[in-house]
Every structure is written in structure tokens, then in C-alpha cells.
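As C-alpha cells, the structure follows; a few thoughts come after it.
In what follows, chains carry the letters A, B, and so on, assigned in the order in which the sequence lines appear, proteins first and then strands, with residues in each chain numbered from 1. These numbers come from a predicted model, not from an experiment.
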Amino acid sequence: MEVRVRYAPSPTGNQHIGGVRTALFNYFFARAMNGKFILRIEDTDQTRSSEESVKDLYDTLAWLDVEWDEGPEKGGPYGPYIQSERIELYRTYAQQLVDKGKAYRCYCTSERLDALREQQIASKSKVQGYDRHCSHLSPQQIEQYEKEKRPYVIRLKVPVEGKTTFHDVLMGDITRKNKDVSPDPILLKSDGYPTYHLANVIDDHLMHITHIMRAQEWIPSGPLHILLYEAFGWEPPMYCHLPMVMGKDGQKLSKRHGSTAVKDFREKGYLPEALMNYVSMVGWSYDDKTEFFTKEQLCSLFSLEKINKAPGIFDYKKLDWYNGMYIREKSDEQLAQLLLPYMKKASFIPEEPSSEEYQRFLSLIPLVKERLKVLSDVVEMVRFLYEDIEVDDATLFVPKKQTLAQTLEAIQAAYAIMDGREDEEDETIEGLLSEKAKEMGLKVNGIFMPIRVAVTGSAVSPPLFDSIRVLGYDKALQRIEKAIMLIENEVNNG
RNA sequence: GUCUCCAUCGUCUAGUGGUUAGGACAUCGGGUUUUCAUCCCGGCAACGGGGGUUCAAUUCCCCCUGGAGAUGCCA
């Protein structure tokens, strides 16, 4: 039988790490099994669903280069794949359950339910949830309510006796006593929309889903879903509950742990292949040594057996490492293209760069490539090449174990050497500078550091002479001159 | 509170009824380097506790502990 899996997010916010991991595992599994990957949008929460969220979903999957075989925009034999377009279907099936005596209309108001819940909590009652009040309404009462056109919801009749078991590929059999299943969950809301449970079960059945791969937070509702399949008289699919992705503190990953929206990672300059690779490694592994996987490899190597059961903590540092590794694998041209948007956004490069501007930019790629963790790092790294630098504290020029006076001498000597040597080889100039340093009884750094700070504005920078060349030799000399004046001033005043 | 699930270095993980328990990130130290980074070398670091089963348990079983999730007209 053909494997059919789905990713079924609800568009109530931006795609986050956890969701994407679920999407990816489903996708990889489908590809590895030569099956179908289906996308379904579960927008049954009218108040929280939004168009932007749907757009973010599409953007995210496109960015990751994950294509669905059936779903919105693309269609398929079991559409529509957007739940808000299937409302009638859910109503019909819900009514079917009522007709079969498996479900019933409940006319309780939210006020009554709230009061009930409050009272249960206050009295520390062992009984949780709905009291099944409307399941034993008399026909007269029902008739009365209907006549009043009282709004109602449809609730599933959960058996009080017995227990329900479902099989999980990873976890094995999971059993829950029916009395512990949240009593009589709502299937159809008073606005006529289905709840997750109803729509999800109906669609998975109608779309011939074979394996439900979703996060472990759904385990508790597994038995409920089985009960629903039984009520309909349908065969439930296979289950595979994926370990959750946690934050540093072991709690469910959320905004307070840092960025969780894929969009944020994308904007900061994480590469899709790095994010995909890393995210795939939390909760799954191939062997004891392989850590780099292309999408294609994941699509062929992925297997359920290698999925871990324990939840995993999302490690931003390891993601950074992956990203740096992937950045360094790019060619200069590729990286330039990836970096360009950040350069433009910082106004370092115009929207329509001239050939010289582009060439100049291209020439600095080697200077930053092995220093970038995320693409956006480039902005601060090359700022000194595109904007005037501000150094107002003379002590910043002074290397460790060196005095201000020595530093002044050093940089003056450096200026003297560099002035007029624009056309000579960098190696030659560097040689002269280090000789000079030794002559003055300084470490080589004692002369290079002041130059570096003068030219780049920072003690940490890309390679010095490469930077000077990209900046322009003259301009570098001017900056050195300016630095000399600043240090002189400080020496005289201090 | 109740129910369910989970448990190897700080983190992600490999692994086995008998191993010096392996790798990676992080971290620490060293080397290369005019800074930073890259790169190379090395160190620290784990089977939660208690009972069983067994000649032998990190591995199998039970209990405890710890953690997580669920208990919504949200998904």
C-alpha cells in the first residue's frame, strides 16, 4: 500500500521550528517510501487563523524547497485541502454521528461551562471536564431548546467503561481508560466549524492517510481519535508521535527561548540547508558519525526506526555551527548573491549596483566567508569599508603590554613606511612594518594593531592588508593620519 | 490534582547482555595566524537511584525519582 502522510498546520501564526520539523519528517518519510506528501491547512479556528499565516506557510516550505504532492494551490484527488472549504462535510459527518447515537447536541452556555470548570478546580474535584449534562436531556427539553433556536455544539459520547488502545510505531501500544478520556469532547462548535479532532479524523480518513506523524503533545488525544474512528466505523491509520523540540530549560520551545519562527532564522541569514540539516538531527539520526545531509540524502535515508523517543533541546549554537559550515561551502559568487540583500538593506550597495560596485563587493567575500555565522553578520563586518569610522578613544589603539607613547611612535613609523608605497606588494610593506616593529622593540602586533584599529575601527577585523586594498590605500592612509592626530592629542593632554 | 509518555557527557546523539561506552556542538588547553575567524592537535565530561533476572547489566523487568505533555467551543 502506498504511504500517504500529511503535514496539517493551522495557520494561526508563523511557522516555527517544531512545526517545520514535523513537516520535514513527514516529507522525508514520504520520499523515502516513494509515497505521497500531502499539505492540509487546518483553519477551523475562525478567530485565530489568518491569511498572513498561510502565506508564511507557503514561504517557509518554498524556502526549504519542500514540495507537496497534494494540497492547496496544487490540488489532488481528495481536495479541497483547506478545511474551511470543507465545512459542509464535517457538519454532515457530525450529524451522522448524532443519528447513530454516538454524539449529541449540547446546549450548555459558555458561562455554565466556565462556572463548572471553576467549581471543579476550586473543590479539587477528581472529576474533570464536562459533566455530560446534555447527554441526558429529555426529548421535551431538546424540543424546547430547538424551538428557542438555542445555539448548540455536538459532543462525542465517550464511553464511561472500558479502555482504548492505539498503536504507536515508536511508543508501542498506548492505552487509556475511557473514563480518563476528556469527557464528551466537542466535535462541532456552535459557529458550525469543526474542532481539530473531528476535522482531523475525517480528513485523514477521506484523504487515505496511512501514517499520522505528529508531535508527542498529541499522544493524550490518541485514544479519543480512536474512539472517533470507531464511532464512524473506520480503520485508524498508523501513528508515529514525534519527540518534541524543547527550549534550553526543557520546556516546550517558545518565543521566550529566542527565535522560533523560521522567518526569523531566514531573515537573520540562516541557510535553508543548514536549518534543515540541523532540525533533522534533533529527534533523528542516521548513524554515529554522519552529520551532514543534503535534502536528497534525507529523502532517501530517512526511516522511522531511527527516530528518537525522548524530547530534544534546540541548540542555537549547534545551528550556528552548521550554518557557518554551509556558508563556507559556498563559492564566492554564490555567497555574494546571498549576502547582497543584506548589503542593500544596510545601504552599502545600491539596489542596482554598478559593475565596479559589485566587483568591489565580490572581492571582499573571501575576507568574510570564514568569519560569518549568519549572513547578516556581514553588515557589521564590512561596515568600515562603506562608512566613516568613529574612534574617539585613543586607548583603543593600544595593544596589550604597550604604552600610549610607544603606540604613537609605532603608528607614526607605520605611516612613514606606508606613505607612497601604494604600488608595492602587500608582502613587502608588511615585511617592512614587522622589521620596524622589531627595531623598536615591539611585537609585530604592536604596529599592526594600531593600524588595524585606525583603518577598520576595531581590534577585530578581516585581514588587514586585504581590507586596506578593498577600502582604498589612500583612504586607509587618511584614517591612519586621523588616528595619529587623536593619539598625539591624548599623549599631550595625558 | 488526574492521565499519558520519556530518561547515555552541559546539548544533540551512537551503541551493546561482557566495549578503554563512540561521534558532534559547546567548553577548556595548545599549535598555525599581524587581530578575529578558519584549520590542526589535545583535555574535561554521561549510562538518575533502588531492587530484581543473569555467570555478567548502561542494555531485560519492577519500583522510586526526575522531566515533559495533556487535561479548551486552540490546534
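- Separating the CZ atom of A:Phe292 from the P atom of B:G23 is a distance of 17 Å, rounded to the nearest angstrom.
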message = Evaluate A:Asp131 against A:Arg112 for salt bridge (charged side-chain N to carboxylate O under 4.0 Å, His left out), listing each step before the verdict.
response = CA-CA 11 Å; A:Asp131 58 3; A:Arg112 174 173 187 276; 2.5 Å; yes
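- Note: CD1 (A:Ile429) to C1' (B:U34) measures 14 Å, nearest angstrom.
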Check the interface with nucleotides 44-47 of chain B: list each N/O to N/O pair with the protein under 3.5 Å, or write none.
none

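- Note on A:Thr290: nothing from the nucleic acid sits closer than 4.0 angstrom, heavy atoms only.
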Give me the distances for all protein-to-nucleotides 70-75 of chain B N/O pairs that come in under 3.5 Å?
| from | atom 1 | to | atom 2 | distance (Å) |
| --- | --- | --- | --- | --- |
| B:A70 | OP1 | A:Lys252 | NZ | 3.1 |
| B:C73 | O2 | A:Ser190 | N | 2.7 |
| B:C73 | O2 | A:Ser190 | OG | 2.8 |
| B:C73 | N3 | A:Ser190 | OG | 3.0 |
| B:C73 | N4 | A:Cys108 | O | 3.3 |
| B:C74 | OP2 | A:Lys189 | NZ | 2.7 |
| B:C74 | O2' | A:Asp45 | OD2 | 3.0 |
| B:C74 | O2' | A:Arg48 | NH2 | 2.9 |
| B:C74 | O2 | A:Arg48 | NH2 | 3.4 |
| B:A75 | OP1 | A:Thr44 | OG1 | 3.0 |
| B:A75 | OP1 | A:Lys189 | NZ | 2.7 |
| B:A75 | OP2 | A:Tyr196 | N | 3.2 |
| B:A75 | O3' | A:Glu42 | OE1 | 3.3 |
| B:A75 | O2' | A:Ser10 | OG | 3.1 |

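- Between A:Glu273 and A:Lys330, at least one side-chain nitrogen of the basic residue sits less than 4.0 Å from a carboxylate oxygen of the acidic one, meeting the salt-bridge criterion.
- Residues A:Phe314 and A:Tyr278 place their aromatic rings such that the two centres sit under 6.0 Å apart.
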Could you list all N or O pairs between the protein and nucleotides 10-14 of chain B that sit under 3.5 Å apart?
| from | atom 1 | to | atom 2 | distance (Å) |
| --- | --- | --- | --- | --- |
| B:C12 | OP1 | A:Ile313 | N | 3.1 |
| B:C12 | O2' | A:Met281 | O | 2.9 |
| B:U13 | OP1 | A:Gly283 | N | 2.5 |
| B:U13 | O3' | A:Ser285 | OG | 3.1 |
| B:A14 | OP1 | A:Ser285 | OG | 3.0 |
| B:A14 | OP2 | A:Asn308 | OD1 | 3.2 |

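- At whole-Å resolution of the value, CD in A:Gln119 and C1' in B:G1 are 15 Å apart.
- When each of A:Leu170 and A:Asp249 is assigned the nucleotide of RNA chain B bearing its nearest heavy atom, the one mapping closer to the 5' terminus is A:Leu170.
- Just one of A:Arg214, A:Glu217, A:Lys309 meets the side chain to side chain donor-acceptor pair (under 3.5 Å) condition when paired with A:His241; it is A:Arg214.
- OP1 or OP2 of B:C6 lies within a sub-4.0 Å distance of a side-chain N or O belonging to A:Lys309.
- Atom pair A:Lys289:NZ and B:G22:C1' shows a separation of 9 Å (rounding to whole Å applied).
- Note that A:Arg21 lies in the cation-pi zone of A:Phe25, set by a 6.0 Å cut-off to the ring centre and a 45° limit from the axis.
- Between A:Asp332 and A:Lys369, at least one side-chain N (NZ, or NE/NH1/NH2) sits under 4.0 Å from a carboxylate O, which counts as a salt bridge.
- Contacts of residues 440-448 of chain A with RNA chain B (heavy atom under 4.0 Å): A:Val444, A:Asn445, A:Phe448.
- Look at A:Asp184 and A:Arg132 and you find a salt bridge, because one of the NZ, NE, NH1 or NH2 atoms lies within 4.0 Å of a carboxylate O, short of that distance.
- Ion pairing between a basic and an acidic side chain is recognised when a charged N comes within 4.0 Å of a carboxylate O; A:Lys318 and A:Asp315 show no such pairing.
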Between the protein and nucleotides 57-62 of chain B, list the N/O to N/O atom pairs that are separated by less than 3.5 angstrom.
none

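- Ring orientation note: the planes of A:His211 and A:Phe29 are nearly perpendicular, at an angle over 60° on the 30°/60° scale.
- Here the side chains of A:Leu375 and A:Leu335 are in contact, with some heavy-atom distance below 4.5 Å.
- We find that A:Arg91 and A:Glu88 are joined by a salt bridge, their nearest charged nitrogen and carboxylate oxygen being less than 4.0 Å apart.
- The CG atom of A:Asp377 sits 9.0 Å away from atom CG of A:Asn323, with the distance rounded to the nearest 0.5 Å.
- For the pair A:Asp114 and A:Arg117, the salt-bridge criterion is met [side-chain N within less than 4.0 Å of a carboxylate O].
- Ion pairing between A:Lys438 and A:Glu435 fails under the 4.0 Å rule for side-chain N and carboxylate O.
- At a threshold of 4.5 Å between non-hydrogen side-chain atoms, the residues A:Leu24 and A:Leu298 do not count as touching.
- In this pair, A:Trp284 and A:Phe302 present their aromatic rings parallel. The plane angle is below 30°, not in the 30 to 60° band.
- Taking the six-membered ring for Trp and thresholds of 30 and 60 degrees, A:Tyr196 and A:His225 have ring planes inclined between 30 and 60 degrees apart.
- Separating the NZ atom of A:Lys400 from the C1' atom of B:U34 is a distance of 15 Å, rounded to the nearest angstrom.
- Aromatic ring orientation, A:Tyr316 versus A:Phe265: parallel (interplanar angle below 30°, classes split at 30° and 60°).
- Computed from coordinates, the A:Glu427 CD to B:U33 C1' distance equals 15 Å when rounded to whole Å.
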Name the pairs: protein N/O against N/O of nucleotides 36-39 of chain B, kept only if under 3.5 Å.
| from | atom 1 | to | atom 2 | distance (Å) |
| --- | --- | --- | --- | --- |
| B:C36 | O2 | A:Arg371 | NH1 | 2.6 |
| B:C36 | N3 | A:Arg371 | NH1 | 2.2 |
| B:A37 | O2' | A:Glu370 | O | 2.3 |
| B:A37 | N1 | A:Glu370 | OE2 | 3.2 |
| B:A37 | N3 | A:Glu370 | OE2 | 3.0 |

